[in-house]
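To start, the structure itself, in structure tokens.
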Amino acid sequence: MTEPSPIKPDELMQRDVGRLIGQRRRLLKRSDGDISAAVASFEQRIAASADRVQQRLRDRPAVTCDPDLPISARHEDIVEAIRDHQVVIVAGETGSGKSTQLPKMALEAGRGVRGLIGCTQPRRIAARSVARRVAEEMNSPLGEHVGFQVRFNERVSDDSYIKFMTDGIVLAEIHSDRRLNRYDTLIIDEAHERSLNIDFLLGYLKQLLAKRPDLKVIITSATIDTGRFSRFFDDAPVIKVEGRGYPVAVEYQVPDDSEDLARQVQRAVARATRIDARGDILVFLPGEREIFQVSRVLKKSALAHTEVLPLYARLPAASQDAIFSPGRGRRIVLATNVAETSLTVPGIRFVIDSGLARISRYATHSKVLRLPVEPVSQAASNQRAGRCGRVGPGTCIRLFNEAEFDSRPEFTEPEIHRSGLVGVVLEMLALGLGDPADFPFIEPPPARLINEAWNTLGELQAVDAERRLTALGRTLATIPVDARQGRMLIEAEQRGVLTEVLILVAGLSISDPRERPLEHQQAADQAHAEFRVAGSDFLGMLALWRWWQQTRAGQSRNQADKQARARFVSPMRLHEWGQLYAQLREVARETGWQAGNLRPDDEARAEAIHRSLLAGLLAQVGQHVEDGEYSGARGHKFRIFPGSALARARPGWIMAAELVETSRPFARVAAAIQPGWLEQQATHLIRSSVFDPHWDRRGGRVMGYQRVTLFGLTLVEKRQVHYGPHEPREAREMFIRHALVRAEMNHRAAFLKRNEALKRELAVHEHKRRQRDILADEDTLVEFFAGRLPETIFTVKAFARWYESLAADRQQELLYDHATLLRPDAQTSGEEFPDRLIADTESFRLTSG
DNA sequence: AGGGTTTTTT
């Protein structure tokens, strides 16, 4: 009997190990007949995997590290540390060469053979451009030895040793490869940025390292809080690398009383001019508005040979490119935080740091994203200062005093402490990672954020009352969009408007393709009016989409782009919108959904679209209170964003794709809704109460009023309802008292007339029973009818006849009051009282006991 | 009546 050979993991491709172990185990268990053929094929697979390792080992590209880069000074220490430790922290400033050289050093340390060396970057552009550079340095075409993968773009081959990607890609890969077996080494770059992705990834790796002793992890960071990373990974060694920066002198310019930001910048510019009148200046400001204000003041002061350029992420691409094409004179770049991490402005000699930034903070109680302007941390300020030491010695002028700097927090609060965590918690559930409160985050998020995430998942019906993932939740986790938006898609599929909502969800995920340049705001607004639909910004988005599809169909790419630009719409973002739509449509197809075609507008369709969107936005609705002010969840107040098609109309009820608090709380991208939709779709969230029960003599039943609320918003103020189904016991008591005892019932039937006889008959009965010669008083009668007086049996023919005389639907309506009367112990729900009870009226008996 | 930091995804 041939036994399958044992598995030697070290000699096999890591991605094959798990599968081969499983196959071997199955082979050993098999006792049926001849397994030699199966063993042979198993041996073949082992051999193939081992051959692959040998081949990769042989073909390993030679690497040389650039000796001019500061990191090369620690070359040997790093290679050695990688060999000796499972986790290594490399700390170094920009320009040290760590992003490009570390993967090569890992290769030199023998990594990259049994699996890829995976290198993550926070941004797609960086992943691609670093990959290109390293491929060049290794004299290998991009995609061969060195590949990359970002959303919409992948160039990795089976022969790749190094793969650059965004950290989001690794997170997505975990779903299909829980142990990340395709990698034998992971380099997490820019870990100091502490994005949600990075913190989640670090926590995941922390757990994975024990299960994958062969996996090596390298964490790289600016020299910010490296001790924390080291402690987190069980005192992993930290290797510090020099940056290639020049010294930066820091000056503090204390603001005068009543000197606004623009004047402070103006004064700092004057100071820089005195030091070097030709050195380019980068000014860090908190937002677009400040950029505009400062720009106006600087332009007014007509500085010689000076160009003032704005720079922020939403700026049209053409204007952004101006940063990279050097002008003739001096340049002053007025920038937001894009220039701190995402974009490098070349040739900067001075940095002027306002010390301010807009920081996003998620307000859990109101579900509003706040963007307050706040003082930045010391680390962020130092990062900003570093931006002027790239080409020569620089000077940083801080618009606050040194004591204030010292009093500021050392590090920026990590995103996981400030963001909504729905996506993170959903992901953890889908991956079976247990209670998020127990997950090893490097700095665990506050409980209130985790709780809010649970609530939102409940609101979306992604988890049940026991916090288990529902089927819907499982689907949500597979759609690569925000959970609220995923919920919209699921609803849209059921309502037959998937194509439209796919377009909208894609559109909501990208940045608004409509551009509004500072100097052409009115013209832009006018052009955009073409895509305005009264009552719904979403239908407006669809109008823009349709316009673009038609425009593109009829002409060349160039001509279409030109048409878009003429309407102040960015062709690049339209393109991205199309890509995203195509990707989501593909995911939808794989999920087994029918997308169908974009259909012409009609009212029913518009309602189906809006109701689908609403499924994801139940907590982001508002009711108009007065004067354009809306009241939202839990009493939170907001207004409609002025750019919305709804801003003037102010419909009574709206839903908003985003609630953002900037200068004040705004609802952005909104549509009018009907409160009735909420009552139908938010059944799991609405609270309803009934009050003021009263006897309805004409109707012959107990009525009451209902109030319906959602997150404290009143959907229905006072609606008359049949009281019975809500409070059966109380209704029954009232029915007895009014209908039977007092006979307060308007009906032609004989019941009322006979009621006196009924009372008498009862009284006689009572008399016999109690041996007392009195008529029963009202309370005794109630007790009797309620069945609380035992041993009393009475046939109520009159009652039965009256009932018979009613129309069938009337009988049905009265079912609650009357049937509970007949069965005092019966509970609330209608279906507990079969129709038979009504059909058998002749034999109705009031019984007790 | 009046306007937003940044990034990412089987």
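Residue numbers start from 1 in every chain, and the chains themselves are labelled A, B, ... in the order their sequence lines are given, proteins ahead of strands.
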Students often get this wrong, so: under 4.0 angstrom with heavy atoms, is [X] touching a base, only sugar-phosphate, or nothing?
X	result
T341(A)	nothing
S342(A)	sugar-phosphate
R648(A)	base
E190(A)	nothing
V338(A)	sugar-phosphate
A313(A)	sugar-phosphate
L196(A)	nothing

[X] side-chain N/O to [N] phosphate OP1/OP2 under 4.0 Å:
X	N	result
S663(A)	dG2(B)	no
R664(A)	dG3(B)	no
R650(A)	dA1(B)	no

Separation of atom [atom1] in [X] from atom [atom2] in [N], rounded to whole Å:
X	N	atom1	atom2	value
D512(A)	dG3(B)	CG	P	17 Å
L371(A)	dT7(B)	CG	P	14 Å
L659(A)	dG3(B)	CG	P	17 Å
Y581(A)	dT9(B)	OH	P	21 Å
R516(A)	dG2(B)	CZ	C1'	9 Å
L369(A)	dT6(B)	CG	P	13 Å
E193(A)	dT8(B)	CD	P	11 Å
E340(A)	dT5(B)	CD	C1'	10 Å

Aromatic ring pairing [X]/[Y], orientation class (parallel under 30°, perpendicular over 60°, tilted between):
X	Y	value
F400(A)	F405(A)	parallel
F200(A)	F441(A)	tilted
F568(A)	H528(A)	perpendicular

Margin query: Can a donor-acceptor pair be found, under 3.5 Å and without considering hydrogens, that links the side chain of D627(A) to the backbone of E629(A)?
Written below: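 A pair under 3.5 Å: no.
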Next item on the list: Please evaluate the base of dG3(B) for a donor-acceptor partner in the side chain of R289(A) within a cut-off of under 3.5 Å?
Entry: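 There is none.
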Next item on the list: Strictly below 4.0 Å, heavy-atom distances to any atom of DNA chain B: list the hits from residues 147-155 of chain A, or just say none.
Entry: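 Going residue by residue through residues 147-155 of chain A, the ones with a heavy atom under 4.0 Å of DNA chain B turn out to be V150(A), R151(A).
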Note to self: With no hydrogens and no angle check, just 3.5 Å: does a side-chain donor-acceptor pair link K163(A) and Q149(A)?
What the structure shows: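 Yes, side-chain donor-acceptor contact under 3.5 Å.
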Checklist line | Pair N337(A)-R358(A), side-chain donor/acceptor within less than 3.5 Å | finding: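 No donor-acceptor contact under 3.5 Å links the two side chains.
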Checklist line | Along DNA chain B (nearest heavy atom to each residue), the more 5'-positioned of N337(A) and E590(A) | finding: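 Of the two residues, N337(A) wins.
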Side chain of [X] only, please: which of [options] is the nearest?
X	options	value
R358(A)	dT5(B), dG3(B), dT9(B)	dT5(B)
T166(A)	dT6(B), dT5(B), dT8(B)	dT8(B)
E288(A)	dT5(B), dG3(B), dT9(B)	dT5(B)

Margin query: Under the side chain to side chain contact (heavy atoms under 4.5 Å, CB included) test against I291(A), which residue among L315(A), V333(A), V308(A), L334(A) passes?
Written below: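 The option that passes is L334(A).
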Notebook entry, point to check: Taking only residues at least two apart or on different chains, which pairs with a member in residues 369-379 of chain A satisfy side chain to side chain donor-acceptor pair (under 3.5 Å)?
Noted result: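 Of all non-adjacent pairs touching residues 369-379 of chain A, those that pass side chain to side chain donor-acceptor pair (under 3.5 Å) are R361(A)-E374(A), S377(A)-T412(A).
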